[in-house]
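We use all heavy atoms of the structure for the numbers below, so side chains are in, but hydrogens, waters and symmetry mates are not. By convention in this document, chain letters (A, B, ...) are assigned in the order of the sequence lines, proteins followed by strands, and residues within each chain are numbered from 1. Quantities reported herein were computed from a predicted structural model and do not represent experimental measurements.
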There are 2 protein chains.
Amino acid sequence: MPGTHDDLHETTHGRSGVVEMVGLHGFVQLAAFTRLATDAEHAPDLRVQVTLARMAAGELAALDHLERVAREQGADLYEAMSGYLEVLRDFDRRTPPGDWWERLVRTYVAHGVLGDLQRELSRAVDADGRPLLDDVLADSGYEDFVVALLGPVVAAEPQLSARLALWGRRVVGEALGIAQRVLAEHPGLWAFAAGQGAAEPGDDGGSLRRQLSAGHARRLDRLGLTA
Amino acid sequence: MPGTHDDLHETTHGRSGVVEMVGLHGFVQLAAFTRLATDAEHAPDLRVQVTLARMAAGELAALDHLERVAREQGADLYEAMSGYLEVLRDFDRRTPPGDWWERLVRTYVAHGVLGDLQRELSRAVDADGRPLLDDVLADSGYEDFVVALLGPVVAAEPQLSARLALWGRRVVGEALGIAQRVLAEHPGLWAFAAGQGAAEPGDDGGSLRRQLSAGHARRLDRLGLTA
């Protein structure tokens, strides 16, 4: 709500919003590295293992850039990231995959929701901030890879498909819960999005939730699963 | 023993030796990625986590190059790598770390022994093969990193130091066992080293074992631990 805050408040909020945003980006990138590297270790064949390992490595590329932005704000990237750790640990504890396919679907769903969250909160970032965002949000090819790997299996095995659809619903509930908790625990994120014009004044997050759910439904549809 | 084989034998042996060597390099690089990525996940702070994640990512750099060399030999890198998987799984099963420090020492020891094995078997590779080897054997800074992280802890805590020295002896026994089993199950490796003049005719591997043990002792000494 530009214009309704006094200057000091605006500045404080602006700075902390940027730092919380940079921390969120750093955290999501590192979480993606960890998930993909762990999935690689469980992959049923070496080619898939190496492909996932390479995608994991690619997720780290933006961290140098994020470190610099945090420093420019007088902040420390790792401190900014640390505020997000607990929520991911909870997610992992609440969604133990039963097999390789459930593991793959879990990462696919969470990766998608968190990526959409990053995108939605940064929608209105100006030209100065775009190069960093392009780094952070670069398409690693992960979504296409999972669709190519899992799509044919889903199409061929109705029983597995039904189980994974059910699993996908459980996982997305938890992933949307992460997004909600992240926003609740880091009000600077919301202020940042609002300051950039990406959130409407008075919006309680309903439109963001709808965006995240729509993105998820589109991704599950690509797998041939019912959201 | 150049000159004592007939041409066909030489060629067959030479080709399979190169493929087994490339498979070994690919396997060690991927194993290093997996170990470092898993250690990263267990790291006690975010800065260490990101450093280890970056080092893990660096271990993959040589795989493109190895894929090409395997293809030039009419072989498939992943098939060549697959012959080494079981031995690493065994190693992991036999050395479950009890805490973060034991985990760090385990990777440090195994990483060192396997790196030395790669180096020793490739000692006499000619100029054509050097750029690839430089990629594969590039120093990731991992050894220095562990020394900087663990050295002061070892120096300050005699009880932990004694426990880790004991653990290091157990782990190196298993790591040298890997090296020995790898050579026994892949006679092409030894033929490759001999063909390059890196192994003496009649050498039963005793000098290699001595090299690996000496490298290990030097690395433990850098940590302030007794080998």
Contact residues of residues 37-56 of chain A (partner chain B; heavy-atom separation under 4.5 angstrom): A:Ala37, A:Thr38, A:Glu41, A:Leu46, A:Arg47, A:Gln49, A:Val50, A:Ala53, A:Arg54, A:Ala56
Qualifying residues under side chain to side chain contact (heavy atoms under 4.5 Å, CB included), relative to A:His111, sequence neighbours excluded: A:Ala32, A:Glu59, A:Tyr142
Within residues 82-106 of chain A, residues adjacent to chain B where the heavy-atom gap is under 4.5 Å: A:Ser82, A:Leu85
Proximity breakdown for A:Phe33 and chain B, heavy-atom pairs closer than 4.5 Å: side chain
Residues in side chain to side chain donor-acceptor pair (under 3.5 Å) contact with A:Arg222, at least two apart in sequence or another chain: A:Glu143, A:Asp144
Portion of A:Glu67 that has a non-hydrogen atom of chain B nearer than 4.5 angstrom: side chain
A:Glu185 atom CD: more than 12 heavy-atom contacts under 6.0 Å: yes
Chain B contact via A:Leu30 - side chain, backbone, both or neither, heavy atoms under 4.5 Å: side chain
